[in-house]
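To keep things clear, I will list the structure first and then write my remarks on it.
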Amino acid sequence: MRTMRAAAIGAATLSLALTATACGGGSATGGGSNDAPKTLTYWASNQGASVSADEKILRPELDKFEKKTGIKVKLEVVPWSDLLNRILTATTSGQGPDVMNIGNSWSASLQATGALLPWDAANFAKIGGKDRFVESALGSTGALGKDPAAVPLYSMAYALYYNKQTFAEAGISKPPVTWDELVADGKKIEATGKNGLGAEGSNLSNNIHQVFVLAKQHGADFFTTDGKPSFTSDGAVAAVKQYVDLMAKDKIVNQSNAEYAQNQSLSDFAKGRTGMVLWQTASATFKSMGMKDSEWGVTAAPVQSGAPGSGAQTNSMVAGINMAVFKNTHNLDGAAQFVKFMTSDEEQKLLNTTYGSIPPVKAAQLDPAFNAQGTAVLRQTLAGSAQALPQVADESQFETAVGTAVKDLFADAAAGRAVTTESVRAKLQKAQQQMPAK
């Protein structure tokens with residue numbers, strides 16, 4: 001999902017949705033129909049610089065779809081700060097769209113509401129088959145062993161972006177590969193009067209993405225194999241402490257970043273105030289902020305040692321946007337046609353090029369546009385060193401609970417309070433206690 005605008009939700013809200021009778025945007029029976037074959041309502045997530053920018057990007061494509069099929073698509077671009085709560089309200093009220101974008105890490109949580117159309121073999125056949133899609137993207141479409149709850153639309157991965165001029169001023173000849181190298185480079189940048197690394201300490205989803213990766217590198221996870229929370233293992237504690245220590249101990253993240261949650265770290269980077277930032281699919285954002293492509297470089301996100309790869313060398317979560325259909329839509333056939341259109345090779349190339357993301361469709365990935373400076377590293381990361389966030393029904397509560405724990409620890413670091421292994425474990429223990437009882 002897009003971390004810069006994502007808003008996690010409270011466990012109570014999602015628990016209510018999970019226990020309610022789920023329904024989407026259409027038939028009173030909850031089973032879907034084709035009662036309104038000439039119209040569709042589509043909630044798109046805000047992928048570009050603004051809602052209005054997305055409307056300008058998407059409207060010509062939706063008009064193209066209407067010309068091709070005769071189906072008119074009513075578009076609403078929903079900000080990330082509102083999207084998940086809007087979707088959850090729709091699952092309980094029945095007043096939702098036919099088709100919508102969802103953050104891929106929400107797939108299993110929303111699947112558990114029962115509101116989404118399952119993408120079984122028959123439904124995948126309507127859009128050209130499941131084998132058209134990259135395996136890593138399919139891994140973030142719902143719980144293991146169940147038919148996917150959504151179809152991949154845009155794929156993203158984390159990478160390390162660095163300011164070339166800042167690196168030159170600090171005497172750094174090449175980007176770091178390991179965390180130790182990143183910290184050392186960060187300190188060199190700090191010595192020039194600039195900030196070493198940017199972070200979004202109050203962005204719960206971004207916090208989760210960073211500590212999830214670090215936990216993998218420490219041989220840990222935040223859930224057991226049977227889906228139970230395991231927030232206080234030594235590896236999980238070490239992961240959270242390592243991330244917060246970038247501010248608390250290493251001093252390469254400015255204390256002001258503890259309050260960042262709305263892209264401020266990207267703005268600082270684009271304005272030359274910060275030398276490095278860990279982000280997903282940032283090239284289009286930098287351009288919108290007035291930064292030239294020649295001014296920044298990008299490399300794989302760091303690992304503990306060696307080079308990125310699978311397992312302990314994971315260096316990104318599988319980020320991205322999926323497309324879901326409310327299963328009681330009034331236009332089942334039209335919804336399938338729309339998903340097929342949006343995931344067609346042509347549209348995948350066009351839209352992912354525009355947004356700087358990676359197509360989750362195999363054939364579209366072969367386009368030279370996805371071997372450029374801003375996309376090649378992301379594509380390689382998704383193919384070889386990214387892992388999906390836990391596909392469990394409690395994932396959204398996990399984002400809230402652990403994301404808030406990390407936020408609070410950044411606040412401690414900014415205030416000069418000690419961040420110790422014991423204080424990290426205590427925060428994570430409290431977070432685990434906030435999870436729904438099994």
Side-chain angles (χ1 to χ4, degrees), residues 3 158-160 175-187 189-190 195-223 230-255 257-258 260 265 274-280 299-309 311-317 385-387 389 398-399 401-414 416-432:
T3 60
Y158 276 87
L160 180 69
V177 175
T178 68
W179 285 104
D180 285 346
E181 291 173 356
L182 181 145
V183 170
D185 288 345
K187 290 180 177 179
I189 294 168
E190 292 282 334
N195 299 321
L197 178 71
E200 299 271 323
S202 287
N203 185 317
L204 306 192
S205 293
N206 188 275
N207 288 343
I208 286 298
H209 298 168
Q210 305 295 352
V211 301
F212 166 78
V213 169
L214 284 167
K216 290 292 186 184
Q217 294 181 8
H218 284 280
D221 208 337
F222 286 95
F223 288 88
S230 178
F231 299 169
T232 58
S233 69
D234 289 347
V237 171
V240 172
K241 188 173 188 301
Q242 181 180 355
Y243 185 50
V244 178
D245 271 349
L246 295 169
M247 178 187 292
K249 179 172 75 75
D250 302 320
K251 310 293 186 184
I252 64 169
V253 174
N254 191 279
Q255 292 174 335
N257 287 205
Y260 282 9
S265 63
T274 300
M276 297 178 284
V277 65
L278 283 162
W279 209 258
Q280 49 173 295
T299 190
V303 291
Q304 302 297 331
S305 63
Q313 302 301 78
T314 294
N315 67 340
S316 177
M317 48 84 72
S385 56
Q387 289 197 39
L389 280 167
F398 158 60
E399 288 197 20
V402 174
T404 299
V406 177
K407 173 184 174 180
D408 291 346
L409 287 162
F410 270 122
D412 287 343
R417 294 186 287 269
V419 175
T420 65
T421 298
E422 292 73 22
S423 67
V424 171
R425 195 181 300 276
K427 295 281 190 188
L428 291 175
Q429 178 65 42
K430 181 180 178 181
Q432 185 161 312

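Bear in mind that the values here come from a model prediction, so they are computed numbers and not experimental data.
Among residues two or more places apart in sequence or in another chain, the side-chain contact (heavy atoms from CB on, under 4.5 Å) test is passed with S385 by P308, N315, T381. Residues meeting the side-chain contact (heavy atoms from CB on, under 4.5 Å) test with T274, sequence neighbours left out: N195, D268. Taking Q242 as the reference, H218, Q304 meet the side chain to side chain donor-acceptor pair (under 3.5 Å) condition, with sequence neighbours excluded. Remark: N257 engages no residue in a side chain to side chain donor-acceptor pair (under 3.5 Å) (not counting sequence neighbours). Residues passing the side-chain contact (heavy atoms from CB on, under 4.5 Å) test with V424 are V237, V240, K241, L409, V419, L428, sequence neighbours excluded. The side chain to side chain donor-acceptor pair (under 3.5 Å) check on K407 picks up nothing, with sequence neighbours excluded. Take A258 and apply the side-chain contact (heavy atoms from CB on, under 4.5 Å) test, not counting sequence neighbours, and it matches M247, F410, A414. Applying the side chain to side chain donor-acceptor pair (under 3.5 Å) test to D250 and every residue at least two apart in sequence or in another chain returns nothing.
Here the CG atom belonging to N206 is positioned 10.5 Å from the CD atom belonging to E399, to the nearest 0.5 angstrom. Taken from CZ in F212 to CZ in F223, the straight-line distance is 10.5 Å, to the nearest 0.5 Å. Atom CG of L246 sits about 8.5 Å away from atom CG of L278, to the nearest 0.5 Å. Of the inter-residue distances, the one linking Q210 atom CD with S205 atom OG reads 11.5 Å to the nearest 0.5 angstrom.
With hydrogens and angles ignored, the 3.5 Å screen pairs a side-chain donor or acceptor of K251 with a backbone N or O of A248. Formation of a donor-acceptor pair under 3.5 Å by the E190 side chain with backbone atoms of G196 is found in this model. In this structure, the side chain of T404 does not engage the main chain of A401 through any donor-acceptor pair within 3.5 Å. A distance-only check finds a donor-acceptor pair linking the side chain of Q313 to the backbone of S305 [under 3.5 Å]. Between the side chain of Q217 and the backbone N or O of T314 there is at least one donor-acceptor pair closer than 3.5 Å. Side-chain N or O atoms of N254 include none that pairs as donor or acceptor with a backbone N or O of G198 at under 3.5 Å.
Ring orientation note: the planes of F222 and F398 are tilted relative to one another, at an angle of 30° to 60°.
A pairwise comparison of heavy atoms in S265 and W279 identifies OG-CZ3, 3.8 Å as the closest pair. Contact record, M317 with L389: CE-CD1, 3.5 Å, taken as the closest heavy-atom pair. When all heavy atoms of T178 and P302 are compared, the closest pair comes out as C-CB, 3.7 Å. The two residues T232 and Q432 make their nearest non-hydrogen contact at N-OE1, 4.0 Å. The shortest heavy-atom contact between I252 and G186 is CG2-C, 3.6 Å. Residue P176 comes nearest to M276 through the heavy atom pair CG-SD, 4.2 Å, listed as atom of the first residue, atom of the second, then distance.
Pairs engaging residues 175-186 under the salt bridge (Lys or Arg N to Asp or Glu O under 4.0 Å) rule: none recorded [sequence neighbours left out]. Sorted by first and then second residue, the salt bridge (Lys or Arg N to Asp or Glu O under 4.0 Å) pairs involving residues 211-221 (not counting sequence neighbours) are K216-D221.
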Check against side chain to side chain contact (heavy atoms under 4.5 Å, CB included), V402 and I208: CA-CA 7 Å; V402 174; I208 286 298; 3.6 Å; yes

